[in-house]
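Everything below concerns the one structure shown next.
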Amino acid sequence: MLDINFIRDNRELVKQGMANKGEKNTSAVELVLNKDEEWRNTVTELDLARAESNKKAKQIGQLMGQGKKEEAQDLIRETGNSKERIKKLEELLSILQKEREDLLYQIPNVPDSSVPVGRSDEDNVVHSSWGEPCGDEWRLPHWDIAAEKKWIDFDRGSKVAGAGFPFYLGLMARLQRALINFFLNEAVAHGYTEIQAPYFVNEDSARGTGQIPDKEDMMYTVPRDGFYAIPTAEVPVTNFHRDEILSMDDLPIYYTAYTPCWRREAGSYGKEVRGLNRLHQFDKVELVKFVHPDQSDTELESLREYAESLLQNLKLPYRTLLMCTGDMGFTQTKKYDLEVWSPGQQRWLEVSSCSNFGSFQARRMQLRFKNEKGKTEMVHTLNGSGLALPRIVASILETYQTEAGDVLVPDVLRPYMGVDKM
RNA sequence: GGAGAGAUGGCUGAGUGGUCGAAAGCGCUCCCCUGCUAAGGGAGUAUACCUCAAAAGGGUAUCGAGGGUUCGAAUCCCUCUCUCUCCGCCA
């Protein structure tokens, strides 16, 4: 969420950002400011009432200590009214606070000034591209290759769990393990600390990274225990430092984590979910950064460049999109999507999305650091995939297939696979 | 899953109804002293919010979390969470 003081000082900017992100109704901005005013007035009133009552209680204590019981009794009799008043103000305050917070949660993060204004994915800007997307007619989509080689069993996955929960067999299972190891090792070599995280989180964590309240439907839940199955390692890893005050020397902090990810993906259909394009469970290596606010712009660029380097090492053609305001999401200030080329489908597949959240997540999580002046300040958080597996696997199968029907193993994966060809 | 013990400031640890935001020690910061070092002396050392143009100052809340009793709660009562010990179960 945004800082209420920032909203007060920049109300037009916040409204404009909201409108650019596609929110037609920006009234929450005025509403939250009004509510905040009301809240602050009530705080003042309550604090005064409490000060009064504390003063009396102290006097009573003194009188009791001096043995002046009757005078004390007189004072006690006087306190009845103010007690009731305090209680009423407390109730009012907690209602106002809740309303103020609910409104605050409705206001999206303000897009960075470098982000193109636009309505939909059609307005995203191609930031850069690498490699030559190939268009050979004979190339099969990955689901055909996988079926022929008996590498992926979607049907048994459906029987055992449901649609979108495939089994991987033999060399395909090994390829996934190879990719996970390759991605983790690369990240560690680039200064990220490897971290293994819980696969379920509680409600506070889901709220901390912004899955609740706006993206609740994306997650699988375990109601009996109050758990949410993580839709990405971003959730547990970013929450790792929730409610902490870091020292400036700690920053920047880089983490990398492999986890399975679970997403309900309600409403998806057709070619979007064909094969490995969209699954309910998939594997991903995630990158998370906690940085000084002055650094988050450059940290986003280095995060993107690192994720791109993985695709270059795998020799998979890709393009990088700078997401426009309308397509970037609620919590981000700026976001790049990396899309790998799928020659069997003749389309781009998103395999990484690198985002800067500014202080938006940190404020929800109360994740702060002591700055150079010794003041506590919100850290900036960033994350990106490095990378998501299924679409990489799809692209490898299609890009590295030979006319003879085999699939070559990308050079960098050969040490992990132990074979050159599948 | 059953039984019991506990949760206090950066750390250790006192505090069972009144002047306790909290003793003491350690650590840390600054200053003084000592020709280095060691030792010693003094001051300071939580977070959030409200008020204030800002600083200073003032106020409020916070002793695991939430609720209750009371004029007054770290201290009493209830619920929850977490940690530890024992039993059971188990990769």
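Order of the sequence lines sets the chain letters (A, B, ...), proteins ahead of strands, with each chain counted from 1. The analysis underlying the following values was restricted to heavy atoms, covering all of them including side chains, and did not include hydrogens, waters or symmetry mates.
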Enumerate all atom pairs, one protein N or O and one N or O from nucleotides 15-18 of chain B, separated by less than 3.5 Å.
unit_1	atom_1	unit_2	atom_2	d
B/G18	N2	A/A57	O	2.9

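- Atom CG of A/D74 sits about 9.5 Å away from atom CG of A/L63, to the nearest 0.5 Å.
- By the side-chain contact (heavy atoms from CB on, under 4.5 Å) test, A/Q196 pairs with no residue at all, sequence neighbours left out.
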Worksheet item: Along nucleotides 55-62 of chain B, 5' to 3', which nucleotides get a B, which get an S, and which get a -, given that the test is a protein heavy-atom distance under 4.0 Å?
Response: ----BSS-
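- The side chain of A/K87 approaches B/U69 more closely than any other nucleotide in the set B/A48, B/U70, B/U69.
- Between A/R40 and B/C49 there is no side-chain polar atom (N or O) within less than 4.0 angstrom of OP1 or OP2.
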Would you tabulate the side-chain donor-acceptor contacts of residues 181-188 of chain A under 3.5 Å, counting partners in other chains and residues two or more places apart, or write 'none'?
unit_1	atom_1	unit_2	atom_2	d
A/N181	ND2	A/R177	O	3.4
A/N185	ND2	A/N181	O	3.4
A/N185	ND2	A/Y416	OH	3.0

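- Applying the ring-ring contact (aromatic ring centres under 6.0 Å, His included) test to A/W348 and every residue at least two apart in sequence or in another chain returns A/W341.
- Shown here are the side-chain contact (heavy atoms from CB on, under 4.5 Å) partners of A/D3, two or more places apart in sequence or in another chain: A/N5, A/F6, A/R363.
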Please set out all donor-acceptor pairs under 3.5 angstrom arising from side-chain atoms of residues 144-151 of chain A, sequence neighbours excluded.
unit_1	atom_1	unit_2	atom_2	d
A/K149	NZ	A/G405	O	3.4
A/K149	NZ	A/D406	OD1	3.3
A/K149	NZ	A/M422	O	3.4

Let me have the donor-acceptor pairs involving side chains of residues 95-110 of chain A, under 3.5 Å, with sequence neighbours excluded, atom names and distances please.
unit_1	atom_1	unit_2	atom_2	d
A/K98	NZ	A/D102	OD1	3.4
A/K98	NZ	A/D102	OD2	2.9
A/E99	OE1	A/K35	NZ	2.8
A/R100	NE	A/D36	OD1	2.8
A/R100	NH2	A/D36	OD1	3.2
A/N109	ND2	A/T331	O	2.9
A/N109	ND2	A/F357	O	3.0

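- B/A61 and B/G9 have their C1' atoms separated by 16 Å, with the value rounded to a whole Å.
- Screening residues 284-293 of chain A for salt bridge (charged side-chain N to carboxylate O under 4.0 Å, His left out), with sequence neighbours left out, gives A/K284-A/E286, A/K289-A/E299.
- With B/U47, B/C49, B/G72 as the candidates, the nucleotide lying closest to the side chain of A/I245 is B/U47.
- The salt bridge (charged side-chain N to carboxylate O under 4.0 Å, His left out) analysis of residues 226-249 of chain A, with sequence neighbours excluded, yields no pairs.
- In this structure A/R85 satisfies the salt bridge (Lys or Arg N to Asp or Glu O under 4.0 Å) test together with A/E45, sequence neighbours excluded.
- Both A/L75 and A/Q366 lie near RNA chain B, and the one whose nearest nucleotide falls closer to the 5' end is A/Q366.
- Helical stems in RNA chain B, defined as runs of 3 or more consecutive Watson-Crick or G-U wobble pairs with both donor-acceptor distances under 3.5 Å, are listed by first residue as B:1-7 with B:81-87, B:10-12 with B:24-26, B:27-32 with B:40-45, B:46-51 with B:57-62, B:64-68 with B:76-80.
- Nucleic acid contact class of A/S53 (heavy atoms, under 4.0 Å, all strands): none.
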